[in-house]
Amino acid sequence: MADEAVADRPADVHPPRGGDRAGDGPDPKDGRGPADAADAPDSGGPKGSGSPGSPDGSDGSDGSGDDAAEREKERERAADRFKDLTRDPLAQEEGEEEPTDLAAATRARRSVQKLFSSGRDLTSFDRSRIGHAHIGDLNVSLDARRSGPLRGGPVPREELRRLRRTHIEPEGYVRLRRALEARRLLVLGGAPGTGRTCTALALLEEVTRDGEGAGNAERVRRLAPEESVGELAREVAGGEGGHRRGTGYLLKPAPDRPGELPPDGMDLDQLASALAEQGSYAVLVVSVGSAANPLLAGRYGALCPPAPTRELVDVRLRERLEEEHGDQDGGGGPLAGLLERAARLRADPEVTEAVGLDDLRPAEAELFASLLAGHLLGTLGREELLAGCRGLAAVQAYAWFAGVDRALAAPPPGGDRTPVRSGTAALFHPVAFRIALAVLGGASHSAVSAAAHLLTWELSVQSDPDSTPARPLFCDDPEADLALSRARSATGAVDVAGVEVTGRLVFYRGGALPGAVLAELWDRHFPVRAPVVRWLRLLADDPRPQVWMRAAVAAGELSVRDFEHGYAELVRPLADAPTPRRRVFAATALDQAAGHASHRKAVRKVVDDWSRFGTPALRWTAAMALGYGRSADSVDDTLDALARIGVREDGKQAAVASLNVVRLLTHPESDAVLRRLAEWTAHRTEEYQDLALVTIVRLALTDVDEVLDDEPGTPLGDRGDWPLLLALAATRPELTGRLADLFWTALNTTRSRDVAFDALEVLLRSAFRKDGRPWTREGLAALLPVLIAEEHDRRRLDWLLRRMMRDQDRPLPEEQARALWRLAVPAGQRRTDEEENHG
């Protein structure tokens with residue numbers, strides 16, 4: 001069966017094993033291929049012994065004396081050069097042996113690309129179309145540009161009536177009301193936009209409705225942000241500006257006033273006492289964070305539960321539809337049908353993906369309900385609905401960044417009109433965390449937090465270059481960071497030195513937020529580009545793949561927003577850098593840009609120019625970009641470019657070119673790659689032969705996880721720790737003959753023979769795990785019978801298995817050697833029982 005498989009191989013794919021091959025082997029007239037005539041081992045002999053039984057042995061038939069010695073030295077030099085070409089091209093070049101962890105980097109790239117692969121076209125979104133919506137008698141504004149500072153004064157009756165009608169009590173609302181009734185004062189903490197203000201107003205409206213101020217038309221009042229707790233206590237006690245008894249007060253301190261100190265426990269006790277004397281109530285709304293934690297931990301503190309936005313969508317949607325069709329008692333009529341369609345529309349995967357948020361906030365729920373109703377009633381088309389849904393994340397991103405540093409430029413109250421510049425680090429840290437999370441989402445919480453502090457420094461220096469920014473060391477609040485950034489943490493795997501360990505990972509609560517944050521940052525805030533570029537370059541030097549690879553993908557996404565700027569500031573400088581990690585960073589960013597149809601042509605032109613006319617560093621980077629498979633028009637064009645790079649300057653960059661040919665073998669067009677490798681082995685130029693041979697050996701030494709873009713669940717993805725050669729043999733049986741032919745060529749070519757035999761040993765040892773369980777036996781069972789198809793091959797396998805069994809450091813158990821022999825040699829081809837026992 002094995003001999004038939006060999007005979008069936010197409011002649012244009014692989015020269016016959018006994019035929020004429022170009023290379024460094026003997027004269028083709030002897031009919032033995034590119035290996036030395038004495039390459040065939042017998043059943044014994046240690047490696048290097050010079051006996052006919054060793055793969056590199058010689059029978060001395062070529063002559064003796066100085067000529068023979070010189071030929072032997074030349075063969076050794078060629079073998080040493082070939083061994084250098086098979087080393088990791090991503091390792092540092094100046095004597096540094098530690099390689100870049102390609103498997104961890106590949107896993108990080110797979111993970112982060114999910115955050116930018118929803119298919120949304122961020123470049124075409126017009127946020128102004130959905131920034132404001134009219135829902136019944138509610139005006140919902142989601143645009144931070146249109147919301148000015150809050151003014152103090154009474155809450156209008158109409159707003160209170162609307163609040164009673166529309167407010168949906170969150171879980172724990174009754175507990176909050178009882179606490180307010182008992183203590184007269186409540187410090188309510190939550191992230192902006194989560195419905196905390198609406199809940200506070202609802203509480204004040206309810207407790208004052210039947211109290212001493214029931215007949216007061218101004219019984220609920222908002223206070224200006226600049227008003228302090230002490231000032232409110234004096235007003236309540238009857239001082240200047242005092243109000244009637246039974247009033248409810250809502251106070252939201254300004255969170256971005258530098259130098260502003262939060263109230264302490266004594267201030268709150270004084271206010272609570274004044275409120276009790278006047279029969280009044282107050283709710284102090286604060287943002288969660290290190291400054292507010294003491295308030296929330298005190299006797300008056302409570303966290304605001306999230307608003308039930310799913311129920312809010314249902315209520316608003318019904319109200320909107322009832323405006324058109326009226327109330328339908330009994331559940332019949334047009335309204336019932338519209339509600340059924342609304343339920344199906346909400347569950348539509350395309351609508352869910354367009355929203356891109358795990359949970360909606362109250363204003364978003366209002367707008368989402370309005371969008372659904374508009375589509376059901378025929379006033380919004382399908383594309384307008386999806387565009388509006390995509391805008392929810394974009395508006396949130398805008399609100400996060402709008403006017404963050406406005407307080408730094410504003411003069412303080414009083415006679416001194418000099419702007420206060422202190423506190424820049426504390427002010428910028430929340431936005432830095434959001435940017436870091438958009439770039440490194442899915443990495444460990446510690447990595448995101450450290451990157452956020454690094455960016456905080458860059459932003460602070462950019463904003464105030466004359467001052468050294470200070471950052472308190474013990475004020476971080478991880479839970480507040482998550483709450484203020486709509487993020488969540490989860491337990492997951494983190495790559496550490498090539499090993500996966502359990503860690504705490506952090507993500508945005510919605511796949512639309514990373515892209516929305518990067519788009520908002522790059523499109524609307526040009527001064528911030530300089531510190532962000534400096535920061536990304538620093539991340540490119542981070543030794544952790546979970547950091548630098550994620551940053552590379554984000555750099556590609558930013559380049560799509562403005563390719564001229566991204567190319568000039570990020571891609572081109574790093575592509576010509578002296579360190580491999582920076583060049584891989586640039587190649588990954590280019591590939592990410594090539595994933596967008598709008599930029600694919602430009603990326604391909606850049607990569608093609610680099611492969612033809614670039615410096616050695618640029619050609620190296622081009623090779624890495626080509627390996628992703630999107631930087632050329634076709635697989636043939638990709639292989640042409642890789643060959644150009646790999647054979648230039650006597651094959652100086654054959655290592656990086658071969659690595660990226662191997663990466664292409666994980667793609668569906670792997671048969672075309674194998675055909676090209678066969679052509680290169682038969683090429684008359686030694687550089688092409690070396691490129692093919694190095695690729696073949698690297699294919700046997702590269703694990704699937706190092707080069708595969710697919711997730712587990714695919715045939716190759718489920719074999720992540722397998723050598724790629726065996727994984728392909730097991731999952732693509734139609735390729736097995738070509739794979740065996742190519743590997744046989746490497747085993748039988750003098751300059752590649754030693755490293756090829758070492759690779760074969762690696763493949764054989766992978767058959768069983770350390771505890772004896774089967775590992776890659778399926779792949780070996782497919783490959784070995786085709787690879788070991790002749791008597792010459794069987795003798796060499798016999799010799800190799802014996803050597804492995806005698807290995808002093810890692811002796812191969814005899815039973816495993818027997819099993820491997822049986823996998824390779826079918827029963828009908830085993831000459832004697834004695835030979836079988838030798839296996």
Side-chain angles (χ1 to χ4, degrees), residues 144 147 149-152 155 170 172-173 175-177 179-180 183-204 207 220-233 235-236 248-272 274-275 280-307 361-363 399-400 403-404 407 423 426-431 433-434 472 475-487:
S147 56
L150 291 175
R151 292 182 175 272
V155 179
Y173 177 84
R175 174 179 53 82
L176 295 177
R177 188 192 66 210
L180 179 59
R183 300 187 180 98
R184 298 284 175 167
L185 173 63
L186 184 66
V187 178
L188 193 62
T194 56
R196 55 188 185 155
T197 303
C198 188
T199 297
L201 285 174
L203 288 168
L204 291 172
V207 297
V220 178
R221 301 184 65 88
R222 289 192 187 95
L223 295 155
E226 60 269 16
E227 189 164 353
S228 67
V229 170
E231 292 171 338
L232 175 60
E235 289 183 14
V236 172
Y249 300 93
L250 173 66
L251 177 60
K252 293 179 65 176
D256 55 357
R257 291 174 63 86
E260 188 79 21
L261 295 177
D264 57 20
M266 187 174 296
D267 295 328
L268 297 178
D269 288 340
Q270 181 183 2
L271 175 58
L275 291 168
S280 298
Y281 303 88
V283 177
L284 181 64
V285 176
V286 297
S287 294
V288 292
S290 55
N293 281 346
L295 299 176
L296 296 175
R299 71 172 63 92
Y300 304 105
L303 289 175
C304 182
R361 290 182 168 178
W400 275 340
V404 169
L427 182 67
F428 286 135
H429 180 69
V431 294
F433 187 88
R434 291 163 189 153
C475 68
D476 273 10
D477 185 347
E479 297 305 318
D481 286 342
L482 297 180
L484 293 174
S485 301
R486 299 184 74 162

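Because the structure is a prediction, the values reported are computed rather than measured.
Looking only at distances, no side-chain donor or acceptor of R177 sits under 3.5 Å from a matching main-chain atom of L204. At least one donor-acceptor pair closer than 3.5 Å links the side chain of T199 to the backbone N or O of G195. Using modelled atom types, one side-chain atom of T194 and one backbone atom of A191 make a donor-acceptor pair closer than 3.5 Å.
Residues satisfying the side-chain hydrogen bond (donor to acceptor under 3.5 Å, both in side chains) test with R299, not counting sequence neighbours, are D269. The side-chain hydrogen bond (donor to acceptor under 3.5 Å, both in side chains) test applied to R434 returns no partner, not counting sequence neighbours. Every residue meeting the side-chain hydrogen bond (donor to acceptor under 3.5 Å, both in side chains) condition with T197, not counting sequence neighbours, appears here in chain and number order: K252. For Y300, there are no ring-ring contact (aromatic ring centres under 6.0 Å, His included) partners two or more places apart in sequence or in a different chain. In this structure A202 satisfies the side-chain contact (heavy atoms from CB on, under 4.5 Å) test together with L163, H167, Y173, sequence neighbours excluded. For R221, the side-chain hydrogen bond (donor to acceptor under 3.5 Å, both in side chains) partners at least two apart in sequence or on another chain are E218, H243. Here Q270 pairs with A233 under the side-chain contact (heavy atoms from CB on, under 4.5 Å) rule; sequence neighbours left out. Residues forming a side-chain contact (heavy atoms from CB on, under 4.5 Å) with R184 (at least two apart in sequence, or on another chain): L275, A276, Y281.
From E235, atom CD reaches atom OH of Y249 across 7.0 Å, with rounding to the nearest 0.5 Å. In this structure, OG in S280 is found 12.0 Å from CG in L185, a value given to the nearest 0.5 Å. In this structure, CG in L482 is found 5.5 Å from CZ in F433, a value given to the nearest 0.5 Å. To the nearest 0.5 angstrom, L284 atom CG is 7.0 Å from L295 atom CG.
Across every non-hydrogen atom of V236 and A274, the tightest pair is CG1-O, 3.4 Å. Between V288 and G189 the shortest heavy-atom distance is CG1-C, 4.1 Å. The two atoms that bring L296 and A302 nearest to each other are CD2-O, 3.7 Å, heavy atoms only. Contact between S485 and W400 at its shortest, heavy atoms only, is O-CH2, 3.5 Å. Across R361 and A483, no two heavy atoms sit closer than the pair NH2-O, 3.7 Å. Taking all atoms of both residues into account, the shortest heavy-atom contact from A282 to L180 is O-CD1, 3.6 Å.
At a threshold of 4.5 Å between non-hydrogen side-chain atoms, the residues L250 and V285 count as touching. For the pair D481/P430, no side-chain contact is recorded, criterion being any heavy-atom separation below 4.5 Å from C-beta on. Inter-residue side-chain proximity for P263 and V187 is flagged as unmet; no heavy-atom pair is nearer than 4.5 Å. Put simply, the side chain of P362 does not reach to within 4.5 Å of the side chain of C198, judged on heavy atoms.
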>> L186 vs L203, test: side chain to side chain contact (heavy atoms under 4.5 Å, CB included). Steps then yes/no.
In response: CA-CA 10 Å; L186 184 66; L203 288 168; 3.9 Å; yes

>> Show, in sequence, the C-alpha distance, side-chain angles and deciding distance for L251 and V283, and conclude whether the side chain to side chain contact (heavy atoms under 4.5 Å, CB included) test is met.
In response: CA-CA 6 Å; L251 177 60; V283 177; over 6 Å; no

> Checking side chain to side chain contact (heavy atoms under 4.5 Å, CB included) for the pair L223/L232: CA distance, chi angles, key distance, verdict?
Replying inline: CA-CA 8 Å; L223 295 155; L232 175 60; 3.4 Å; yes

